[in-house]
A.B. asks: 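So that we are looking at the same thing, I have put the structure below in structure tokens.
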Amino acid sequence: MPESWWLAEEAPPLRSSRLDDPVDVAIVGAGVTGCSCALTLARGGLRLRVYEARTVASGASGRNGGFALRGGAPLYDRARAQLGVERARLLWAFTERALAQMAELAGDAFRPEGSLRLAADAGERSELEAEFAALREDGFAAEWLDELPEPLAGRFFGAIRHPGDGALQPARWVRRLAAHAAEAGAEIREHSRVEDVEALPAERVVVATDGYGGDLVPELARVVGPVRGQVIVTEPLPERLFPCPHYSRYGYDYWHQPPDRRLVLGGRRDTTLEAEFTAEEATSPQVQAALESFARELVGFTPVVEARWAGIWGRTPDEYPLVGPLPGQDRVWVATGYSGHGNVLGFACGDLVARALLGESSPELELFDPARLL
Ligand SMILES: Cc1cc2nc3c(=O)[nH]c(=O)nc-3n(C[C@H](O)[C@H](O)[C@H](O)COP(=O)(O)OP(=O)(O)OC[C@H]3O[C@@H](n4cnc5c(N)ncnc54)[C@H](O)[C@@H]3O)c2cc1C
């Protein structure tokens, strides 16, 4: 049984150059963040090398649910309360622009299908109503659905459709991004674990390890905690019931069907919530059983599971990422801690760091300043 269904797709050969030392920038981690940063830096004319402990996209970027959603981990109305209207708006618009760029770069790895955020009960419905009102008030596209099609009707109590979102084959997408970066001149070194950031032969370092950072940067380990997510993929179902990303219970349940009609379903972390705050990249029988039982509830029979896997993401205390230089240092920059919402935000933040290193100032950088937590 393949580990990640996405990673089981054969990776095209990566034609990466070899650069002499020292380089301008060393990036640690070849997930979506590191590869996005590499692409912008290489296109900007810098000499850079990406160090990846395993292979491109082998971390959360090739193990996630494949949801490409705008915004951050908190709901929009909460972000407004936490950040203020202007900064929340800035963050959401930043990710909408990133989605548009992803659509251009990703080819068939991205499907612009929108997404459905569903209310599992009356409490969640009133929270979605508040988010919907806030989005509309601030001029963002969103649709409210009371009438839901089968098999959602009766199980869910309203939904927001986010029309600009989409679905990814995430490993294909990030491998493609790495290929674009390599074509632009980046060196991507797989199977190269970095043990000591200080020893890297580079003027600047970008740490893009999200939940896999361990204690590579001890300050970060204190504020970016590992969280495990688990996913299953079933045999193709008779019908395509869920043609766009669906999620509910604040992201504890998420599922969709790519065009091959397989059901991709993840979450149920709350089955053993405390045990899932771990960096151990292994499935657990309890969460797997809960995912299978939810699949059965959704489709009315027990589909054969063809792949199951786990991945790790990094969570910050306020659920916004940390992006920028480590306080008091100009050499080491970080882009991490997307709190389970990094497919679009990671792409956007990798690019944001690169633009800052190329000398461009962007208002979004202040939103994610690591100094707020470190
Ligand atoms: C099960 C699961 C489901 C998810 N679902 C979604 C979703 O549907 N939508 C969404 O937006 N987000 C989702 N996420 C979160 C999202 O996948 C991540 O936030 C995003 O992929 C982070 O990308 P990244 O490049 O920052 O980190 P990663 O993709 O984790 O990449 C970090 C890389 O760093 C490498 N590395 C670590 N330490 C070192 C070292 N010392 N030296 C060299 N390399 C090192 C790792 O091998 C890894 O490849 C999910 C995550 C998981 C685990």
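From a predicted model like this one, the values you see are computed outputs, not experimental measurements. Numbering of residues begins at 1 and proceeds along the displayed sequence. Note that ligands are numbered from 1 as they come in the structure, with each ligand's atoms numbered from 1 the same way.
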A.B. asks: Could you check atom 52 (C) of ligand 1 against the protein and tell me its nearest heavy-atom contact, residue, atom and distance included?
C.D. replies: Trp313 CE3, 3.5 Å
A.B. asks: Show the atoms of ligand 1 that are less than 4.0 angstrom away from any heavy atom in Arg63.
C.D. replies: 1 (C), 2 (C)
A.B. asks: Would you call Trp309 a ligand 1 contact, heavy-atom distance under 4.0 Å?
C.D. replies: no
A.B. asks: I need the single residue from Arg228, Arg315, Arg268 that forms a salt bridge (Lys or Arg N to Asp or Glu O under 4.0 Å) with Glu276. Which is it?
C.D. replies: Arg228
A.B. asks: Between Asp330 and Arg204, is there a side-chain N and carboxylate O pair less than 4.0 Å apart?
C.D. replies: yes
A.B. asks: If the contact criterion is a heavy-atom separation under 4.0 Å, does Ser192 count as touching ligand 1?
C.D. replies: yes
A.B. asks: Which of the numbered atoms in ligand 1 are below 4.0 angstrom from a heavy atom of Tyr212?
C.D. replies: 30 (O), 37 (C), 38 (N)
A.B. asks: Please report whether ligand 1 has a polar contact with Gly213, defined as an N or O pair separated by less than 3.5 Å (distance criterion only).
C.D. replies: no
A.B. asks: Run the numbers for me: atoms of ligand 1, each under 4.0 Å from some heavy atom of Gly311, listed by number.
C.D. replies: 53 (C)
A.B. asks: Does ligand 1 have any atom that is closer than 4.0 Å to a heavy atom of Gly211?
C.D. replies: no
A.B. asks: Please state which part of Ile312 comes within less than 4.0 Å of ligand 1, counting heavy atoms only: side chain, backbone, both or neither.
C.D. replies: backbone
A.B. asks: Aromatic ring centroids of His246 and Tyr254 under 6.0 Å?
C.D. replies: no
A.B. asks: State plainly whether the residues Arg193 and Glu52 are in salt-bridge range, i.e. N to O under 4.0 Å.
C.D. replies: no
A.B. asks: Mind checking whether Ala208 has a heavy atom under 4.0 Å from ligand 1?
C.D. replies: yes
A.B. asks: In the protein, which heavy atom is nearest to atom 22 (C) of ligand 1, and how far is it?
C.D. replies: Asp210 OD2, 3.5 Å
A.B. asks: So, regarding Tyr254 and ligand 1 (criterion: nitrogen or oxygen to nitrogen or oxygen, under 3.5 Å), is there a contact or not?
C.D. replies: no
A.B. asks: Starting from atom 23 (O) of ligand 1, which protein heavy atom do you reach first, and at what distance in Å?
C.D. replies: Ser61 OG, 3.2 Å
A.B. asks: Would you say Gly346 contacts ligand 1, with heavy atoms under 4.0 Å as the rule?
C.D. replies: no
A.B. asks: I'd like to know if Arg63 pairs up with Glu281 as an ion pair, taking the criterion as any Lys NZ or Arg NE/NH1/NH2 lying under 4.0 Å from an Asp or Glu carboxylate oxygen.
C.D. replies: yes
A.B. asks: For atom 4 (C) of ligand 1, which protein heavy atom lies nearest, and how many Å away is it?
C.D. replies: Asn64 CB, 3.1 Å
A.B. asks: Give a yes or no on whether a salt bridge exists between Asp21 and Arg49, defined as a side-chain N under 4.0 angstrom from a carboxylate O.
C.D. replies: yes
A.B. asks: Using a strict cut-off of less than 4.0 Å between a Lys/Arg side-chain nitrogen and an Asp/Glu carboxylate oxygen, indicate whether Arg80 and Glu86 qualify as a salt bridge.
C.D. replies: no
A.B. asks: By number and element, which atoms of ligand 1 are closer than 4.0 Å to a non-hydrogen atom of Gly66?
C.D. replies: 8 (O)
A.B. asks: Suppose I only count heavy atoms of Val231 and a 4.0 Å limit; which atoms of ligand 1 are within that range?
C.D. replies: 1 (C)
A.B. asks: Tell me whether ligand 1 is touched by Gly340 - counting only heavy atoms on the residue side and a distance under 4.0 Å.
C.D. replies: yes
A.B. asks: With a 4.0 Å cut-off, would you call Glu183 and Arg15 a salt bridge?
C.D. replies: no
A.B. asks: Any idea which protein heavy atom is nearest atom 34 (O) of ligand 1, and the distance to it?
C.D. replies: Gly29 CA, 3.3 Å
A.B. asks: Using a 4.0 Å heavy-atom threshold (strictly under), name the region of Tyr51 that reaches ligand 1: side chain, backbone, both or neither.
C.D. replies: backbone
A.B. asks: Does a salt bridge link Glu292 with Arg308, judged by any charged N lying under 4.0 Å from a carboxylate O?
C.D. replies: yes
A.B. asks: Ligand 1 versus His341, non-hydrogen atoms closer than 4.0 Å: side chain, backbone, both, neither?
C.D. replies: backbone
A.B. asks: Does Arg54 form a side chain to side chain donor-acceptor pair (under 3.5 Å) with His191? I'd like the steps, not just the answer.
C.D. replies: CA-CA 5 Å; Arg54 297 187 283 186; His191 307 291; over 6 Å; no
A.B. asks: Tyr338 heavy atoms, cut-off 4.0 Å: which ligand 1 atoms fall inside?
C.D. replies: 19 (O), 26 (O)
A.B. asks: What is the closest protein heavy atom to atom 16 (C) of ligand 1, and at what distance does it sit?
C.D. replies: Gly342 N, 3.9 Å
A.B. asks: Looking only at protein heavy atoms, which one is nearest to atom 7 (C) of ligand 1, and how far off is it?
C.D. replies: Asn343 ND2, 3.6 Å
A.B. asks: Ignoring angles and geometry beyond distance, decide whether Ala335 reaches within less than 3.5 Å of ligand 1 through its nitrogen or oxygen atoms.
C.D. replies: no
A.B. asks: Using 4.0 Å as the upper bound for N to carboxylate O, is an ion pair formed by Arg97 and Glu104?
C.D. replies: no
A.B. asks: Relative to ligand 1, is Ala57 under 4.0 angstrom through side chain, backbone, both or neither, heavy atoms considered?
C.D. replies: neither
A.B. asks: Does an N or O anywhere in Thr33 fall below 3.5 Å from an N or O of ligand 1?
C.D. replies: yes
A.B. asks: Tell me which protein heavy atom sits closest to atom 36 (N) of ligand 1, plus the residue, atom name and distance to 0.1 Å.
C.D. replies: Thr209 CG2, 3.8 Å
A.B. asks: Which ligand 1 atoms, with their elements, are less than 4.0 angstrom from a heavy-atom of Gly229?
C.D. replies: 1 (C)
A.B. asks: Would you mind running through ligand 1 and noting each atom that sits below 4.0 Å from a heavy atom of Ala53?
C.D. replies: 43 (C), 44 (N), 45 (C)
A.B. asks: Can you check whether Thr55 has an N/O within less than 3.5 Å of an N/O in ligand 1?
C.D. replies: no
A.B. asks: Given the rule in the side-chain contact (heavy atoms from CB on, under 4.5 Å) test, do Tyr338 and Asn343 qualify, once you have shown the distances and angles that lead to the verdict?
C.D. replies: CA-CA 9 Å; Tyr338 307 104; Asn343 276 342; over 6 Å; no
A.B. asks: Quick one: does Val28 get within less than 4.0 Å of ligand 1, heavy atoms only?
C.D. replies: yes
A.B. asks: Can we say Arg18 and Glu187 salt-bridge, meaning some charged N sits less than 4.0 Å from an Asp/Glu carboxylate O?
C.D. replies: yes
A.B. asks: Between Arg125 and Asp146, is the closest basic N to carboxylate O distance under 4.0 Å?
C.D. replies: yes
A.B. asks: Does ligand 1 come near enough to Leu216 that some N or O of the ligand is less than 3.5 Å from an N or O of the residue?
C.D. replies: no
A.B. asks: Between Glu9 and Arg172, is there a salt bridge with N-O shorter than 4.0 Å?
C.D. replies: yes
A.B. asks: Decide if atom CD of Glu297 counts as having more than 12 heavy atoms of other residues, nucleotides or ligands within a radius under 6.0 Å.
C.D. replies: yes
A.B. asks: Before we go on, tell me: are the rings of Trp92 and Tyr76 under 6.0 Å apart, centre to centre?
C.D. replies: yes
A.B. asks: Between Glu306 and Arg262, is the closest basic N to carboxylate O distance under 4.0 Å?
C.D. replies: yes
A.B. asks: Centroid separation under 6.0 Å, is that true for the rings of Tyr247 and Trp255?
C.D. replies: no
